[in-house]
**Q** 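My structure is below; once you've seen it, I'll send some questions.
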Protein chains: 2
Amino acid sequence: MPKSLWSKDPSVLLRVDSGFQLADVDPNATPGTDISKKEGKAMLRKQARTLRRLQGKLFADSTVGGKASMLIVLQGMDSSGKGGIVKHALAGMNASGVVVHGFKAPTDEEKRHGFLWRVRKRLPEPGMVSIFDRSHYEDVLAARVQNLADPATIEGRYGRINSFEQKAMDNGTTIIKVMLQISEKQQKKRLVARLHRNSKLWKYNPSDVDDRERWRGLQEAYQIALERTSTSEAPWYVVPADHKWYARLAVQQIVLTKLRELELGWPQPEFDLKKERKRVAGA
Amino acid sequence: MPKSLWSKDPSVLLRVDSGFQLADVDPNATPGTDISKKEGKAMLRKQARTLRRLQGKLFADSTVGGKASMLIVLQGMDSSGKGGIVKHALAGMNASGVVVHGFKAPTDEEKRHGFLWRVRKRLPEPGMVSIFDRSHYEDVLAARVQNLADPATIEGRYGRINSFEQKAMDNGTTIIKVMLQISEKQQKKRLVARLHRNSKLWKYNPSDVDDRERWRGLQEAYQIALERTSTSEAPWYVVPADHKWYARLAVQQIVLTKLRELELGWPQPEFDLKKERKRVAGA
């Protein structure tokens, strides 16, 4: 195992700051670390315990009135590995404290409301971690490329997203927004694989290939979204994702860093510890 | 690793059938297997992959209109290890397809409704696994022992629970009801440990000891509930739980067996596979 895993923390290295250009990101790179795939996978498993402990503190804190919670937004092209992040990067977490929401094309009922309506209902309760597999950002991504709303409406959404997220943060929610960036070549490889494995076929949708034809347009929509909604309090992280192990490790590290920044301890008992020890011993 | 893990499947061995006596269960036993703790823990990890695959099929099936889902009800005295079941026995599952609900004492709003109101809202959607950490059964357990409702009301609840569960099964939900049975001695050990670990103190509630004083009463309430609500379609399983590794392995096995009984395959594609392979290759 390498002495130092990260030469620089991915929560700094992969953060979208002003001047960021999505086109400059190399999906095949592994910024901040020079470990091997094997070491990376071992590290992922090893750190799962730390993740569980920190998440446990977040949860425990809410039982004594703490308001802190966490929202992890996952975006990326089809087959970029969003599901794998949930399965592997965040796998150490206790399921009792995690809720995963997959957002698909809005239903008829959802369409009758504003685009944030269905998302607002899924914000995390205190102590909880909510994971969005796709999110309200589709309403400025897919919506933009496929002209699902008129341009002025879409223009207005960036600001509404920022206010919406600001309000959530004011309520104690830490927001981590992750875009998994894969190359066209890697995506083709994954889609081909999906079409050759019986257990993966159901994940394939012919429209995935249509999205592929809209690649450039979608990347442009991402660039705009990243520019307008990466704020200092709720920044975006663009994670190179051609190497699944790297993307998972980087996301795990960002979540670890953000949980640590909450500086939560274990709640102190409100009961008389000595007395209760005696009571249990005698019961 | 032993050649045959189970001499008899725990879904048969631990099932509550007519004539069952809770008092006859030895919480320290490990029925159906003679493997060691170490082997048991290794087996638990190994079978997590199988669990994930079977759960994946359940989820995938719902994407082509399948209605099957699963509800796992966890009951047991305080510190019997319900949380550990979620963490360890069911750990292989993909979080996207699992929702855990912890039921505490009902809120004022919940009290204004019937006791099944808050539970009904948490039944699993098609393809999903819902886990109840405590459940509607508290309304015939704690409620009975602490006289939280008048006796006639409580008497009426067993039948209402059975109809409620029957309706859920008619909608495609497989119900697995697990009671983790620990000994008084083991519980004392765990409560003492809880009071000596900083990271566990928040889980301790002085009322845990009150419950301890109501041990016999609660066990009687369990006996009645098991008798009246263990049906052939939705039986109870009483799992000896003094050995955590055994309880986890047994519950994992019951869930595996029940998932297998659904006999779900991977959905067949509705698109033209050959054509799509060609399209992807050319895109």
Side-chain angles (χ1 to χ4, degrees), chain A residues 52-53 56-57 59-61 63-64 82-83 86-87 90-102 131 133 184 187-188 191-192 194-206 208-210 212-213 215 265-277 279-283, chain B residues 52-53 56-57 59-61 63-64 82-83 86-87 90-102 131 133 184 187-188 191-192 194-206 208-210 212-213 215 265-277 279-283:
Chain A
R52 179 187 290 280
R53 192 172 44 80
K57 285 186 182 175
F59 187 83
D61 187 60
T63 66
V64 290
K82 298 182 290 292
V86 178
K87 277 191 205 173
L90 309 173
M93 292 199 189
N94 185 348
S96 307
V98 179
V99 188
V100 185
H101 301 288
I131 303 169
D133 180 347
E184 287 194 74
Q187 191 195 44
K188 184 190 254 188
L191 291 180
V192 167
R194 192 172 282 186
L195 285 172
H196 283 85
R197 275 183 65 182
N198 208 21
S199 65
K200 298 272 185 188
L201 279 179
W202 66 276
K203 289 187 178 184
Y204 180 85
N205 188 320
D208 296 348
V209 180
D210 304 337
R212 217 169 139 70
E213 284 153 8
W215 188 281
W266 293 109
Q268 287 308 301
E270 286 168 15
F271 50 82
D272 181 337
L273 189 54
K274 263 194 181 160
K275 188 181 137 204
E276 290 299 324
R277 282 181 182 162
R279 262 183 89 210
V280 170
Chain B
R52 180 188 291 279
R53 192 171 43 80
K57 284 185 182 175
F59 187 82
D61 187 61
T63 66
V64 291
K82 299 181 289 294
V86 178
K87 277 192 206 173
L90 309 172
M93 292 200 191
N94 185 348
S96 308
V98 179
V99 188
V100 186
H101 302 288
I131 303 169
D133 181 345
E184 286 194 74
Q187 191 195 45
K188 185 189 254 189
L191 290 180
V192 168
R194 195 173 280 185
L195 285 171
H196 283 85
R197 276 182 65 182
N198 208 22
S199 65
K200 299 271 186 188
L201 280 178
W202 66 277
K203 289 189 180 184
Y204 179 87
N205 188 319
D208 297 347
V209 180
D210 304 337
R212 216 169 140 70
E213 285 153 9
W215 189 280
W266 293 110
Q268 287 308 302
E270 286 169 13
F271 50 81
D272 181 337
L273 189 54
K274 261 193 182 163
K275 187 182 139 203
E276 290 300 323
R277 282 181 181 162
R279 262 183 89 210
V280 170

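In the text below, chain A, chain B and the rest are named by the order of the sequence lines, each starting its count at 1. Heavy atoms only: backbone and side chains are in, while hydrogens, waters and symmetry mates are out. Only a predicted model underlies this, so the values are computations on that prediction, with no experimental measurement involved.
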**Q** Is A/T63 in contact with chain B via its backbone, its side chain, both, or neither, using a 4.5 Å heavy-atom distance?
**A** side chain
**Q** Is it the backbone or the side chain of A/L195 that comes under 4.5 Å from a heavy atom of chain B, or both, or neither?
**A** both
**Q** In terms of relative ring orientation, are B/W202 and A/F59 parallel, tilted or perpendicular, with 30° and 60° separating the classes?
**A** perpendicular
**Q** With a 4.5 Å cut-off on heavy-atom pairs, point out which of A/H196, A/Q268, A/K203, A/E213 contacts chain B the most.
**A** A/H196
**Q** Strictly distance-based, threshold 3.5 Å: is any side-chain N or O of B/R277 a donor or acceptor partner for the main-chain N or O of A/V192?
**A** no
**Q** With a 4.5 angstrom heavy-atom cut-off, which part of A/R53 approaches chain B: side chain, backbone, both or neither?
**A** neither
**Q** Sort B/R194 into side chain, backbone, both or neither according to what part of it lies under 4.5 angstrom from a heavy atom of chain A.
**A** neither
**Q** Going by an N to O cut-off under 4.0 Å, is there a salt bridge joining B/D208 and A/R279?
**A** no
**Q** Take B/V280 and A/Y204 through the test side-chain contact (heavy atoms from CB on, under 4.5 Å) and record every step on the way to the result.
**A** CA-CA 11 Å; B/V280 170; A/Y204 180 85; 3.5 Å; yes
**Q** With a 4.5 Å cut-off on heavy-atom pairs, point out which of A/D272, A/L90, A/N205, A/L201 contacts chain B the most.
**A** A/L201
**Q** Heavy-atom pairs under 4.5 Å with chain A are the metric here; pick the option from B/L191, B/N198, B/V98 that has the most.
**A** B/N198
**Q** For A/A281, is it the side chain, the backbone, both or neither that has a heavy atom under 4.5 Å from a heavy atom of chain B?
**A** backbone
**Q** If you count heavy-atom pairs within less than 4.5 Å of chain B, which of A/G102, A/P269, A/P206, A/G265 leads?
**A** A/P206
**Q** Highest number of heavy-atom pairs under 4.5 Å with chain A: which of B/A95, B/S96, B/S199, B/P267?
**A** B/S199
